[in-house]
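Beneath this line is the structure, given in structure tokens, with notes to follow.
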Amino acid sequence: MSKTPTLLDRLSKARSGSAPEVTDRARRGLMAYVGAQADVARAGKELADGTAATGVGRVALSALSPQGLACADGCAFCCILTGDDGGTITEAEAKALYSALAPLAGQPDGRTWHPKACPSLDPVTRSCRAYDVRPMICRAYVSTDVEACKAVSEGQAASGPGTLGPYHTYLAAIGLSRSALKGVKRVSTYALSRLAAAAVEGAALEDALDAARHKPSELDAELKRSKRDMSRA
Ligand code: SF4
Ligand code: SF4
């Protein structure tokens, strides 16, 4: 008997912690993603490591064409990360980032330009050294005003920068994946800046993942922030 209906059934009953309309969008995306997979074991794995959630987010992002953006290569105020977290990423994103950065271990990184900059950044060109595998949070964060980004990087409030809706859909999809796989597989999220720092400092993959792994409550908190941001939008 196929196990696909079981996975789909779990998804149909899962809860995300995000707003209902965002959860519905994420659920539809995940169910389409899982339903299209012929290999059930692989579908479960991609749900668990966040590949499915990222796929849902990227499809939603590809449908947008925001106008008037100031974003350009070498413009990197958004890569100055506050706190010790830098943003939520999935296991699949963490592993892809690690693979891109580990060969660069020991080279000067973004922190020689700015102490809070992402270690993935090239300190001279201020381009992302992991651009092709940059996580969803980096893809979805855009701005119409570079000066506003500079102000935000200095801890001031400013309008112009913000996160596009697909990031919220992606987050809801991670929440749904975790709920659907409860008791079956662990779904973890990771801190972008801790993972990137460990990779460029030469840590082994498992050690980098251990250093960057979030407690489950951190995804709950990010989903709560996302829900609040969506209600203000
Ligand atoms: S979000 Fe802001 S700092 Fe980042 S590339 Fe766009 S304009 Fe530049
Ligand atoms: S991964 Fe790349 S795009 Fe994302 S914050 Fe780091 S340097 Fe910037």
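- Taking NZ from Lys224 and CG from Leu171, the interatomic distance works out to 14.0 Å, rounded to the nearest 0.5 Å.
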Take Leu47 and Leu181 through the side chain to side chain contact (heavy atoms under 4.5 Å, CB included) test and state the conclusion after the steps.
CA-CA 8 Å; Leu47 212 54; Leu181 294 176; 3.9 Å; yes
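- Counting only distance, with no hydrogens or angles, the side chain of Arg194 and the backbone of Ala211 share a donor-acceptor pair below 3.5 Å.
- Cys138 and Leu192 get closest at one heavy-atom pair: SG-CD2, 4.0 Å.
- Although no hydrogens or angles enter the test, the distance criterion places no donor-acceptor pair under 3.5 Å between the side chain of Glu206 and the main chain of Ala204.
- No donor-acceptor contact under 3.5 angstrom links the side chains of Tyr190 and Glu93, judged on distance only.
- For Thr112 (side chain) and Pro108 (main-chain N/O), no donor-acceptor pair under 3.5 Å exists by modelled atom type.
- Residues Pro166 and Leu64 are in side-chain contact: their nearest non-hydrogen atoms beyond the backbone lie under 4.5 Å apart.
- Between the side chains of Asp122 and Ser127, no donor N or O sits under 3.5 Å from an acceptor N or O.
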Apply salt bridge (charged side-chain N to carboxylate O under 4.0 Å, His left out) to Lys215 and Glu218, showing your working.
CA-CA 6 Å; Lys215 292 179 187 150; Glu218 292 177 79; 5.7 Å; no
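- Taking 4.5 Å as the limit, every side-chain heavy atom of Arg178 sits out of range of all side-chain heavy atoms of Ser188.
- Val152 approaches Pro161 most closely through the heavy-atom pair CG2-CG, 4.0 Å.
- With a 4.5 Å cut-off on side-chain heavy atoms, Val34 and Gln37 do not count as touching.
- The closest side-chain heavy-atom distance from Glu91 to Arg213 is not below 4.5 Å.
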Before you tell me yes or no, could you show the steps for Glu21 and Arg25 under salt bridge (charged side-chain N to carboxylate O under 4.0 Å, His left out), namely the whole-Å CA-CA distance, both residues' side-chain angles and the distance that decides it to 0.1 Å?
CA-CA 6 Å; Glu21 65 277 14; Arg25 213 163 23 244; over 6 Å; no
Checking side chain to side chain contact (heavy atoms under 4.5 Å, CB included) for the pair Arg129/Leu104: CA distance, chi angles, key distance, verdict?
CA-CA 9 Å; Arg129 298 183 295 168; Leu104 309 175; 3.8 Å; yes
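- A donor-acceptor pair under 3.5 Å links the side-chain atoms of Ser177 to the main chain of Ala173, judged by distance alone.
- In this structure, Ser179 contributes its side chain and Gly175 its backbone to no donor-acceptor pair below 3.5 Å.
- Here the closest non-hydrogen pair linking Ile80 and His114 is CG2-CE1, 3.5 Å.
- For the atom pair NZ of Lys182 and CZ of Arg10, the computed distance is 11.0 Å after rounding to the nearest 0.5 Å.
- Taking CD of Glu147 as the reference point, atom NZ of Lys150 lies at 6.0 Å (rounded to 0.5 Å).
- Ser120 has its side chain out of reach of Asp109: every pair of non-hydrogen atoms, C-beta onward, lies at least 4.5 Å apart.
- For the pair Leu121 and Cys128, the tightest heavy-atom approach, listed with the atom from each and the gap, is CD1-N, 4.1 Å.
- Separation of atoms CD (Glu222) and NZ (Lys227) is listed at 14.5 Å; rounding is to 0.5 Å.
- Under a hydrophobic-cluster definition in which Ile, Leu, Val, Met, Phe, Trp and Tyr are linked whenever side-chain heavy atoms come within less than 4.5 Å, directly or via other members, Val142 and Phe77 are assigned to different clusters.
- Residues Leu164 and Pro66 have side chains in contact (heavy-atom distance under 4.5 Å, counting atoms from C-beta outward).
- The two residues Pro123 and Gly110 have their closest heavy-atom pair at CD-N, 4.1 Å.
- Rounding to the nearest 0.5 angstrom, the gap separating the OG atom in Ser18 from the CG atom in Leu176 is 8.5 Å.
- In the hydrophobic clustering of this structure, Met31 groups with Val187; members are Ile, Leu, Val, Met, Phe, Trp, Tyr whose side-chain heavy atoms approach within less than 4.5 Å, directly or through other members.
- Among pairs with a residue in residues 127-173, those fulfilling ring pair (Phe, Tyr, Trp, His ring centres under 6.0 Å) read Tyr167-Tyr170, at least two apart in sequence or across chains.
- At least one side-chain heavy atom of Tyr33 sits under 4.5 Å from a side-chain heavy atom of Glu46.
- Shown are Thr90, Ile89, Ile174; of these, the side-chain contact (heavy atoms from CB on, under 4.5 Å) with Thr54 is made only by Thr90.
- For the atom pair Arg134 CZ and Met136 CE, the distance stands at 10.0 Å (nearest 0.5 Å).
- For the pair Tyr98 and Ala203, the tightest heavy-atom approach, listed with the atom from each and the gap, is OH-O, 2.6 Å.
- With contacts defined as side-chain heavy-atom distances shorter than 4.5 Å, the pair Arg126/Cys75 does not qualify.
- Side-chain contact check for Asp49 and Thr51: at least one donor-acceptor pair (N or O, by modelled atom type) lies under 3.5 Å.
- Between Lys13 and Asp9 there is a salt bridge, with a side-chain nitrogen of the basic residue lying less than 4.0 Å from a carboxylate oxygen of the acidic one.
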